[in-house]
Structures are given as structure tokens and as C-alpha cells.
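A note on names: the letters A, B, ... follow the listed sequences, proteins ahead of strands, and every chain is numbered from 1.
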There are 2 protein chains.
Amino acid sequence: MSINANDPSKKSWINTPENSDFPIQNIPFGVFLTRDDIITIGTRIGDTAIDLGAMHQLGYFEGIPLTDDIFLQDTLNDFISDGKKTWRLVRNRISEVFDINNETLQQNEDHKNIILFTLNEIEMQLPVHIGDYTDFYSSREHATNVGSMFRDPENALMPNWLHIPVGYHGRSSTIIPSGVPIHRPLGQTLPKGAEKPIFGPSRLVDFELEMAFITTDANSMGEPIPISEAEDYIFGMVLFNDWSARDIQKWEYVPLGPFLAKSFASSISPWIVTLDALEPFRTKSPLQDPKPLPYLQQEGNHSFDIHLEVDIVTHEGNRTTVSKSNFKYMYWTMSQQLAHHTVNGCKINSGDMMGSGTISGPTPDSYGSMLELAWQGTKPVALNDGTERKFIQDNDTVVIKGYCMAKGQRIGFGEVSTKLLPVFE
Amino acid sequence: MSINANDPSKKSWINTPENSDFPIQNIPFGVFLTRDDIITIGTRIGDTAIDLGAMHQLGYFEGIPLTDDIFLQDTLNDFISDGKKTWRLVRNRISEVFDINNETLQQNEDHKNIILFTLNEIEMQLPVHIGDYTDFYSSREHATNVGSMFRDPENALMPNWLHIPVGYHGRSSTIIPSGVPIHRPLGQTLPKGAEKPIFGPSRLVDFELEMAFITTDANSMGEPIPISEAEDYIFGMVLFNDWSARDIQKWEYVPLGPFLAKSFASSISPWIVTLDALEPFRTKSPLQDPKPLPYLQQEGNHSFDIHLEVDIVTHEGNRTTVSKSNFKYMYWTMSQQLAHHTVNGCKINSGDMMGSGTISGPTPDSYGSMLELAWQGTKPVALNDGTERKFIQDNDTVVIKGYCMAKGQRIGFGEVSTKLLPVFE
């Protein structure tokens, strides 16, 4: 089935600001609370939010096999379960209805009043119920930086790293959408040179610049997903800030991995951009040497050229871009991650989320965490207001943005913005 | 509120075999499919399953604040959300209705036909939707054994182990109830002396003898649960087999912890025994030296004396008990685990599951895994049919049982029984 919605020449009758992340070629999916306190599934063109529940009730999805309440839900899980063919039919239909040459809804003021919202009339929610969340560790530059700092610069990568898309299970219950503030966590840390740990607020709270993908139901328990099919089970992507407390992490993580250093909060952007919308921005991933084992081998372009940046906004509102990176730097692709995750028969459900791991690029200004940008506090990062940061301070807001750009066409993710409040009292 | 249901002198009009795990003092909660293909929440006395959905519809819970459909659900999550006071009211009422001196239901043949089932008329399901699953590592003997084998016998425990109830996030999607068979997983392993990993079936599939507790909604995100309140948020416990592929684990787990070595399957017993039912079997846990940090300090008895055993049943049906252990050996208590888990503000939901970690006792016949029992394959375990095992073979069934016994009173968990099938084809 062709992806008509990607036609770059298409324009919408909904006003779309120049450089918007959300032209009619994007059509992301999200969940929002409307002015009438109703939760609905929606999409967005320009700065207009579109209520898909209302559109469906008014007959705009006629002919597409959808249950009546598929968009009147507080998560996208059931819609995602419907599978890739249905996602495409719906996205193509939305593209048709909002095409500048289509007058049906454009001329129907009553329907427009019901279906369209300005952004300040809605409140974005978590788009999916995340059953299981996995975080990978797939940036070679990040793994090398961390290995150099904490282990041995001569052997920075662990022996398994070039053979396995290393990953671990994370905590689902504390994944929040953009805009929800978080608190500095308390925890145990071992001060330098001390023999006994102390308890108190983490002093080294950090962001991690990541992206994450959301899956559909993919397999029965026991059944691996072949790498050739893996992309069919990826619904779309979001921006992801995997908040980390470095001092807690350092004391707790050997031998079973990060736990409370991560589980206090993880933030995602609220609009899921489909893999279909990202199709024009496919690109190669880095050459893999040594060649991975056969179940991880693939041909063709399986990464995406997505520009990423991280801003720190101080309590007073002063903004500094501290990192510029790109998703294409990832060594392991999403399909390799998913094939690896299921090779042991692990069951993947609709709404599962898989993080990329911190996306660091090759240059120091493209590193994806304060740990790397300020190199363990040895190179503080200068902000535009004259202050500097080794890690994130109370009342700082961290904003991650991301977009693709090719041949004058832009498809973006909006942002994930999270304020760090002081310790909970 | 008193726990009348624990009265040891009470007898039921339902026939209860001697040495049953499920006398009227137990009243566990589970979910089953009935002969009419209806899913319902139920309990069990002796070998009789009791449909709580039907009891509620017939008015037996009158006066207790419960929604009409609270037991007509396919998970216990909503009931668990109702909180400890409601659990007690319901358990006390069940105890009353089935008391040998109560004739109401006892004499009502029509109602009995609707409410009561023999065990072969029902099929037990997973009792809760597990949002997040955490596994701890809280047996000192197990951590010491593993540390001795893989690291240094002189410094077997990691420096953090005596200060932190070490834990990590696990995979929820592959937790299954007793009776569901699993497949030997495929994966990457590094053969001894090799430079490159190979791909194939795990050769070292192991059980882990554990127990797990199920929580209710406990806190808002950001808010720690004080240790003094932690037990109020524990609904009950199950037996837990945390299947592990040791060769996959060894190659993948540094630095981010176990991943595919565990996520292929984890099995639990289907009846959740409430903390209230376990009250008479409280006991001390091992002395903690050094004294933990204040947020982990507690007085009194916070462990439970639960006898545990593991059987291996061969394809031909020959059964051997390979381990006898006890939950009371755990160094860290459940309330310490929960207080630690939330000290960073991690949100706990109804139906979350937390595993104890492998429960090894002080003697070699009380170790909780084949890794330890056969000491890395150096001391094969003899089975009653004359064969021996270093790890689990295809078509072996592993059965974990558990029960408490004091003053002639027995409260048990039944069993978790899982057959290991060959690699999925």
C-alpha cells in the first residue's frame, strides 16, 4: 500500500507556520484532554490539534475497518494493535481530508468547531500505556565516553558491545509526558574516599538525550521476530529524556545494572511520529565491524537522519543549547534492537517502548549527557547567562527537540521539556 | 480491624484434606476460567474453587463497599486498589460464609451449584496485570555463592550489597502462571576461550527459587514510602521461578545487568496468599551488620517462616526434590525492599510484582538454583532415576512448592510448575 500522505507537494487548508514540525506530511498520533475535559486520540497539523474521535463519529473514516470507540480511548494501544495497514489507511485519510483541495470538512463550520482545537485548548497526555520499557545503549560514542571515564580508556568498549545491542529493562511507571515537572531524587551514594554510603539528595542529576520507539503486538511468547520483519512492528518514535542520577548509579549499578538512578523519572514527547512519516529521511547507519551474527544482519538503510538538540533553560528563563546530535549516529538500528530483544522469545506488546540509549555524536558538542559534555565535571558547560553547569540544577528545565529536514521538507517531533524541582517535601 | 479469618480453631463445611495448603484460614485470591468459559476472581478452600463474582451477585458481600463488577474481572488489580481494609473485610466475610457453623450458603444447593467448582472444572490464569516487575537479590548466601564463583571468593559480596537491597527491573510481558510450558531460549554466548560469540540454544538453562510480593497503589510519583508503612502496601505473596539462561547471562550482563538471560520466561503460582494469612508465621530476619541507613531501619519481625522446596520431574515422570530452603533466610525484608524502591520517588502501582531474588539457605542442599546446587557443573545433582543434572534438560518440569507450618496449622501456596520444552520451531 502506498503512503500517499508523504506526497511532499501536498498543502493543507489548515494554516501551517513555516518551519513547523507538523506539516500535513507528518500526521503524528497523540492523546489529549480537550476543553470539555474529554480524553481523545488526536493528530496535529501546524498549531491545530485534531480530534480523531470526533472525526470518526462524524463519518470521516468511513470504509476503514475501525471499531466505533477506537479513538475514544485514553491510550493509543488498541489503535496500534490494529497494525500497520490500518495506521496507513487512517494517516492517508487524514491527509486527504485536510488537503487544501478537499472542501468537505474545510467548508463545514459545525464539524470544524467539533473537531479542531487550538493548542492552548488541549493538554497532551502520555500517548500509550507502556507495558514494558527497555533501554538500549547503542551509541558507540556514548559507550566509549562512559567506558573511558569509568573503566579503561584503552579498552573503553566492553567485549560484548560490538556483538550485542546491549540493553536492559527500565521502569514503566515513571514515564511521563513533556511538561510534567520532576523532583530531584533522594538516594544512597558513596562519597569519594568514604567507606560507608550516605543518604541524601542526588548531587549529580543528568539528562540523557535519547529517542524511543513504540511497538505493536509482534509475536507469541517463545517466537523470535526475524530482523527482516522487525520494522513492521514499529509504530513510531518519540523524543526521550532518560533522567539519570549519576552518583546513585555509580554506587548501585554493579552487578545488576542501573535501578533507582533511572527509575525516578523518564520523559517523552507526546506526539508519536510514525515510521511512515520518517520514510523520506532514511539513511545508512555506521559500518558494523565486526559483522554481527546472522540474526542481526541486514542490508539497506535502516537509520533515520534526525537532528537533535538539547537546551537548558534556567529558572529565570535564559536558554542555552548545550548539545547538537543526530539519531543517525546510532551504531545499532531499531530493527536490530527488536530482533535481538525477541531472539530469546520475549513477547512484545502494543505500547512497549524501547529507548535508543544516549545519542552522542563524534564531537564534544554533540555529546548527549552532562556527564560527557562536562566530562565528569572537569569541563563545566558555559550557559548564556554567564553561569555554568556540571550537572542539572534545581529549577533548570531541560528541553530536547528533534526534526528531519530534506529537500526543503521538515518533519519534526516537537519537544520534550521537563523542569527539575527540588527534593520532594 | 482484627483478622478474624485467622482464627486457628475455625473449620469449614467444605471438605479440606489433611495437610491441604488451603484450609479456611488461608483464603488466597486468584483468577480462573470456569467450565462456562467465564473469567472470574475466586478463592479456594481445600480442593474447592469459589467464584467470588457469583457470591457477590448473590449478595454474600452485602455491607462491604465494593463495586458491582469488582470480582467480574480478568485481573485482581482493581480489587487490590481498594486497599487493605477492603481486603480484610472480604477475607473475613468469606471466612464467615464458609464456617462450619454458618448454614446460609451451606444449605442452599442452588447457590452452591453456581458458586463452587472442583479444581478440574477451572483453569487458573495470571492473577494480576503486572505493570512493572522488579527482581531483588536479597539472599546473602546466594549473592555470596555467585560472587565466589564468578568473582573473588575472598570478596564475594560487592561493597554495596550490605547497604542496599540490590535490585533491577525485569520484563513483565513474559510472566506466566503455573502450568504454562516454556521453550529453551536462543541467544548469544561466548564459548570458553573463544574470541567471538556464537548463536544457538542456551545450554545452561536454570531455575531460580524465589518468592514475589504483589503491591497495591502506594504513592504519588516523587513521594517515598516510609519503611514503617511499607507492609500496608503489600497485598500478598506467590511462589516464583525466575528462569535464567546462565550462558547468555554471562556474556551479556556487564555493565547493564541481566536482560535476555531472564526475559524469556518467569513463572508464578496462581493463588496470591495475603500478608494477613501469613501473619501467624512472622519471624525475625538475619541480623543486619552493618546497621543499614535510617530509611531502611526497622524493629520487630518482618520476615515469614515459609518452607520451600524444588522438585525436578523428568519427562518420564520421575520426581526428585533437589532443594529445600526457607524464605526466612532473606537478608533484606520486603518492607526494606519497598522502602528502598520508592526512596527516589519511584511510583508503585496496583499489581506490581517484586521478586525476592534466589533464596539460598546456608547448606548446599538449600541452594536455590542449579548453578549453586551443581556448583557450576562441578557437582552434578543426582536424580532418583539414576540420571544426573548440571542444569535443566529439555522436557524436565521444575516444581516449586511452599508452605508455612506452626502449632499444627498449615498455610500454603500450592505450587508453580513449569515444563521446559525444546527450542521453539
Side-chain angles (χ1 to χ4, degrees), chain A residues 131-135 137 151 158-160 163-164 166-174 176 182-183 185-188 190 196-199 202 221-224 245 248 251-261 263-265 290 293-295 340-341 343-349 352 421 424, chain B residues 131-135 137 151 158-160 163-164 166-174 176 182-183 185-188 190 196-199 202 221-224 245 248 251-261 263-265 290 293-295 340-341 343-349 352 421 424:
Chain A
D132 277 295
Y133 147 51
T134 299
D135 200 24
Y137 184 60
R151 289 179 293 265
M158 298 299 302
N160 58 13
H163 300 280
I164 292 180
V166 170
Y168 66 108
H169 306 294
R171 181 84 191 173
S172 297
S173 72
T174 43
I176 50 173
I182 63 170
H183 288 276
L186 294 165
Q188 279 195 38
L190 188 71
K196 284 191 169 186
I198 58 167
F199 179 75
S202 165
M221 185 168 158
E223 180 191 12
I248 295 174
W251 173 233
E252 76 175 358
Y253 92 106
V254 179
L256 298 181
F259 182 45
L260 301 190
S263 63
F264 62 101
L293 283 162
Y295 77 99
H340 181 65
H341 202 318
V343 78
N344 70 342
C346 181
K347 182 164 168 44
I348 305 296
N349 289 311
D352 287 349
L421 300 175
F424 182 92
Chain B
D132 278 295
Y133 146 53
T134 299
D135 200 24
Y137 184 61
R151 290 180 291 266
M158 297 301 301
N160 58 14
H163 300 280
I164 292 181
V166 170
Y168 66 108
H169 306 295
R171 180 84 192 174
S172 299
S173 72
T174 44
I176 49 173
I182 63 170
H183 289 276
L186 294 166
Q188 280 194 38
L190 188 71
K196 283 190 170 186
I198 57 168
F199 179 77
S202 165
M221 184 167 158
E223 180 190 11
I248 295 174
W251 173 231
E252 75 174 0
Y253 92 107
V254 179
L256 298 181
F259 182 46
L260 301 191
S263 63
F264 63 100
L293 282 162
Y295 78 98
H340 181 65
H341 202 319
V343 78
N344 70 344
C346 182
K347 182 165 170 43
I348 305 296
N349 290 310
D352 287 349
L421 300 176
F424 181 92

Cut-off 4.5 Å, heavy atoms of chain B, and the answer for Ala265(A) is both
State, to 0.1 Å, how close Ala245(A) and Phe264(A) come at their nearest heavy-atom pair, and which atoms those are.
N-CE2, 3.8 Å
Between Leu421(A) and chain B, with a heavy-atom cut-off of 4.5 Å, which part of the residue counts as in contact: side chain, backbone, both or neither?
neither
For the interface with chain B, which of Val166(A), Asp132(A), Ile248(A) has the highest count of heavy-atom pairs at distances below 4.5 Å?
Asp132(A)
Which of Pro255(A), Pro185(A), Pro290(A) touches chain B most, by non-hydrogen pairs under 4.5 Å
Pro255(A)
Any side-chain heavy-atom pair of Phe259(B) and Asn344(A) under 4.5 Å
no
Measuring heavy-atom distances to chain B, does Ser202(A) have an atom under 4.5 Å in its side chain, in its backbone, in both, or in neither?
neither
Segment of Ile348(B) engaging chain A (4.5 angstrom heavy-atom cut-off)
both
Identify which of Arg151(A), His341(A), Glu252(A), Lys196(A) forms the greatest number of heavy-atom pairs closer than 4.5 Å to chain B.
His341(A)
For chain B, which candidate among Gly187(A), Gly131(A), Gly345(A), Pro197(A) shows the most heavy-atom pairs at distances under 4.5 Å?
Pro197(A)
To the nearest 0.5 angstrom, please state how far the OG atom of Ser173(A) sits from the CE atom of Met221(B).
8.0 Å
Part of Pro294(B) within contact of chain A (heavy atom distance under 4.5 Å):
neither
Is the backbone of His163(A) close enough, under 3.5 Å, to the side chain of Gln188(B) for a donor and an acceptor to pair up by distance?
yes
Please state whether the side chain, the backbone, both or neither of Val343(A) comes within less than 4.5 Å of a heavy atom of chain B.
both
Is the backbone N or O of Ser263(A) less than 3.5 Å from a side-chain atom of Thr174(A), with the two atoms forming a donor-acceptor pair by type?
yes
Between Tyr168(A), Tyr133(A), Tyr295(A), Trp251(A), who has the most heavy-atom pairs with chain B when the cutoff is under 4.5 Å?
Trp251(A)
Answer with side chain, backbone, both or neither: which region of Asp352(A) has an atom nearer than 4.5 Å to a non-hydrogen atom of chain B?
side chain
Is a donor on one side and an acceptor on the other found under 3.5 Å between the side chain of Asn160(B) and the backbone of Val254(A)?
yes
Name the region of Leu293(A), side chain, backbone, both or neither, that has any atom closer than 4.5 Å to a heavy atom of chain B.
side chain
Say whether, by atom type as modelled, one donor and one acceptor occur between the side chain of Arg171(B) and the main chain of Leu260(B) under 3.5 angstrom.
no
